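What follows is a short report on a single structure.
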Protein chains: 2
Amino acid sequence: MRYARIPDQTIRRLPLYLRALFFVAEQGQSEVSSKDLAQYVGVHGWQVRKDFSFFGEFGRPGVGYRVSWLTEQIKTILRLDSEKKAVLVGAGNLGAAVLSFSGFQKYNLAIVAAFDADAEKIGQRVSGVEIMDIACLESVSELGATLAIVTVPGEVAQDVVGQLINVGIKGILNFTSCRLIVPDQVRVTNIDIGMDLASLPYYI
Amino acid sequence: MRYARIPDQTIRRLPLYLRALFFVAEQGQSEVSSKDLAQYVGVHGWQVRKDFSFFGEFGRPGVGYRVSWLTEQIKTILRLDSEKKAVLVGAGNLGAAVLSFSGFQKYNLAIVAAFDADAEKIGQRVSGVEIMDIACLESVSELGATLAIVTVPGEVAQDVVGQLINVGIKGILNFTSCRLIVPDQVRVTNIDIGMDLASLPYYI
DNA sequence: AAGTGTGAAGCAGTTCACAGCA
DNA sequence: TGCTGTGAACTGCTTCACACTT
């Protein structure tokens with residue numbers, strides 16, 4: 001099944017497997033079976049094995065998967081084998097909370113700069129990252145950042161995103177409740193806290 | 001097609017339609033076509049019509065959908081026609097950012113209390129919500145809250161969630177990077193910022 | 001003329017069952 | 001014996017085409 005077209009759903013599960021592998025490694029395990037890995041992710045063993053089978057033969061029958069090696073494989077597939085740089089735009093409450101978040105490192109991600117329009121905030125440091133003037137957004141290309149986290153007010157989101165694309169940003173994590181219009185080569189992931197909470201009552 | 005079993009994917013799109021309807025209403029439109037609504041959500045018109053067809057006949061041929069009426073229908077389906085109460089646990093950076101978020105109201109959601117373990121924070125008010133001692137979590141049942149937002153450190157997440165379920169919480173918005181183990185009647189939505197950002201490099 | 005509602009076709013992802021390997 | 005890898009069956013969602021309504 002190697003080298004076939006990879007189902008989108010499989011790709012979406014890979015980060016979950018990676019997170020589970022971090023957890024398994026912390027427990028001190030060096031081998032893990034598809035069944036155990038599946039349990040941490042909330043799927044079945046056959047789903048795990050099928051997903052991996054699209055990329056090659058990762059495991060050893062009768063034994064399972066070597067945790068460290070599998071981790072590297074998935075990191076490589078997800079392009080997390082080399083460090084990726086991200087910038088944050090909008091250093092309000094939510095932006096500052098994201099800057100203080102320490103969980104990016106294990107994915108080889110680094111926030112290298114933050115931007116805001118508020119003169120009060122410019123020059124200040126939040127969690128070791130200096131807030132720069134949003135008018136200086138062109139410096140993003142020199143920093144080599146390809147990812148952006150957008151935590152600005154909704155009214156300016158589309159405008160900011162247009163500028164980000166101009167300076168070479170290819171992936172956007174959008175915390176505003178606006179649908180962003182971007183060219184095909186740019187990927188957007190939306191996190192809409194209000195909508196996510198509003199999705200729950202249906203199921204209860 | 002009315003009264004058939006509703007596809008899960010359809011349910012997941014309903015909050016997106018609702019958000020789009022809020023936007024359309026703000027523009028002052030009172031009617032909207034499936035094609036226009038689809039554009040705001042990023043799907044095709046036939047998808048919108050098919051989704052709505054599971055619930056009944058919502059539109060008028062040649063005209064479109066009445067914005068206000070359709071909004072009410074979707075709110076009813078999603079159980080957002082009456083106010084739902086939520087509590088927040090963990091008033092750190094991220095928790096405070098969520099408390100200051102003003103986008104819950106239009107979904108008929110209200111954060112009625114916040115909890116933290118830090119004695120320094122207890123008694124303080126953040127965005128009009130008083131921080132209470134996490135030891136007093138049982139007061140949640142008196143408040144009538146059924147939803148919870150969990151922004152505590154990962155190490156205590158599972159423990160906190162166990163307590164929340166004991167006091168009647170049925171839906172959880174989980175911001176920690178831990179998989180929560182909950183009974184079948186409890187629904188969890190996970191937001192893992194690190195993992196979400198880590199998903200982007202594959203596509204670029 | 002414009003736009004909805006839906007049966008049927010097509011496609012993608014999930015699940016199964018089991019052969020094969022350590 | 002235990003666990004992986006995978007063709008084949010199955011399931012469910014998406015897409016289409018068009019009859020029907022205003």
Side-chain angles (χ1 to χ4, degrees), chain A residues 1-17 20-21 24 29-74 77 199 202-203, chain B residues 1-17 20-21 24 29-74 77 199 202-203:
Chain A
M1 187 65 73
R2 231 168 297 193
Y3 305 130
R5 211 187 61 78
I6 317 293
D8 188 52
Q9 299 299 320
T10 294
I11 296 297
R12 286 172 198 247
R13 278 187 293 267
L14 290 181
L16 291 163
Y17 296 142
L21 285 167
V24 169
Q29 285 185 59
S30 63
E31 306 274 348
V32 66
S33 70
S34 60
K35 195 168 169 246
D36 289 350
L37 196 56
Q39 206 132 41
Y40 288 117
V41 170
V43 298
H44 288 276
W46 63 68
Q47 182 78 80
V48 173
R49 296 199 300 276
K50 177 64 104 180
D51 282 340
F52 292 167
S53 77
F54 292 112
F55 303 99
E57 305 194 359
F58 286 3
R60 280 188 303 166
V63 182
Y65 301 88
R66 177 150 276 279
V67 174
S68 58
W69 191 78
L70 183 56
T71 303
E72 289 314 309
Q73 292 302 306
I74 297 180
I77 294 165
S199 302
Y202 175 83
Y203 297 97
Chain B
M1 187 65 70
R2 231 168 298 191
Y3 305 129
R5 210 188 61 78
I6 317 293
D8 188 52
Q9 299 299 321
T10 294
I11 297 296
R12 285 171 199 247
R13 279 187 292 269
L14 290 182
L16 290 163
Y17 296 143
L21 285 166
V24 169
Q29 285 185 57
S30 64
E31 306 274 348
V32 67
S33 70
S34 59
K35 192 165 169 251
D36 289 349
L37 196 56
Q39 205 132 42
Y40 289 117
V41 170
V43 297
H44 287 276
W46 64 68
Q47 182 77 82
V48 173
R49 297 199 300 277
K50 178 63 104 179
D51 282 340
F52 292 167
S53 78
F54 291 111
F55 302 99
E57 306 194 359
F58 285 3
R60 280 189 303 165
V63 182
Y65 301 87
R66 177 149 277 279
V67 174
S68 59
W69 191 79
L70 183 56
T71 303
E72 289 313 309
Q73 292 303 306
I74 297 180
I77 294 166
S199 303
Y202 175 84
Y203 298 97

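Computed from a predicted model, the values in this text were never measured in an experiment. Below, chains carry the letters A, B, ... as their sequence lines are ordered, and counting in each starts from 1.
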| said: Strictly below 4.0 Å: does A:Gln9 bring a side-chain N or O up to OP1 or OP2 of C:dG13? | reply: no
| request: Check every strand shown and say whether A:Tyr65 touches a base, only sugar-phosphate, or nothing at a heavy-atom separation below 4.0 Å. | output: sugar-phosphate
| request: Let me know the distance between CD1 of A:Ile6 and P of C:dA12, rounded to the nearest Å. | output: 14 Å
| message | For C:dG3 and B:Ser34 - does any side-chain N or O of the residue sit under 4.0 Å from the phosphate oxygens OP1/OP2? | response | no
| field | Which residues share a side-chain contact (heavy atoms from CB on, under 4.5 Å) with B:Ser34, sequence neighbours left out | value | B:Val48, B:Arg49, B:Tyr65
| said: According to side-chain contact (heavy atoms from CB on, under 4.5 Å), who are the partners of A:Thr10, at least two apart in sequence or on a separate chain? | reply: A:Ile6, A:Pro7, A:Arg13, A:Asp51, A:Phe54, A:Phe55
| query | A:Asp8 has an atom CG; how far is it from atom P of C:dC11, in whole Å? | reply | 18 Å
| request: Summarise how protein sits on nucleotides 16-22 of chain C as a single string, 5' to 3': B when a protein heavy atom is under 4.0 Å from the base, S for sugar-phosphate-only contact, - for no contact. | output: S---BBS
| request: Specify the separation, in whole Å, of atom CD1 of A:Ile11 and atom C1' of C:dG13. | output: 14 Å
| query | D:dT22 P sits how many Å from B:Arg66 CZ, rounded? | reply | 16 Å
| message | Taking ring-ring contact (aromatic ring centres under 6.0 Å, His included) as the definition, give me every residue that meets it alongside A:Tyr40, ordered by chain and number, with sequence neighbours left out. | response | A:Phe23
| request: With sequence neighbours excluded, tell me which residues meet salt bridge (Lys or Arg N to Asp or Glu O under 4.0 Å) with A:Glu31. | output: A:Arg60, A:Arg66
| Non-hydrogen atoms of A:Val67 and A:Leu21 that approach each other most closely | CG1-O, 4.0 Å
| request: Give the rounded distance in Å between these two atoms: CZ of B:Phe58 and P of C:dT4. | output: 14 Å
| request: Tell me, please, which residues at least two apart from B:Tyr17 pass ring-ring contact (aromatic ring centres under 6.0 Å, His included). | output: B:Phe52
| field | Within 6.0 Å of CD in A:Gln39, more than 12 heavy atoms from elsewhere | value | no
| query | Between C:dT4 atom P and B:His44 atom NE2, what is the distance in whole Å? | reply | 15 Å
| field | Protein-nucleotide distance (B:Gln47, atom CD; C:dG10, atom P), rounded to Å | value | 19 Å
| query | If you look at every strand shown and take non-hydrogen atoms under 4.0 Å, does B:Arg13 touch a base, only sugar-phosphate, or nothing? | reply | sugar-phosphate
| said: Between C1' on D:dG5 and NZ on A:Lys35, what's the gap in Å once rounded to a whole number? | reply: 18 Å
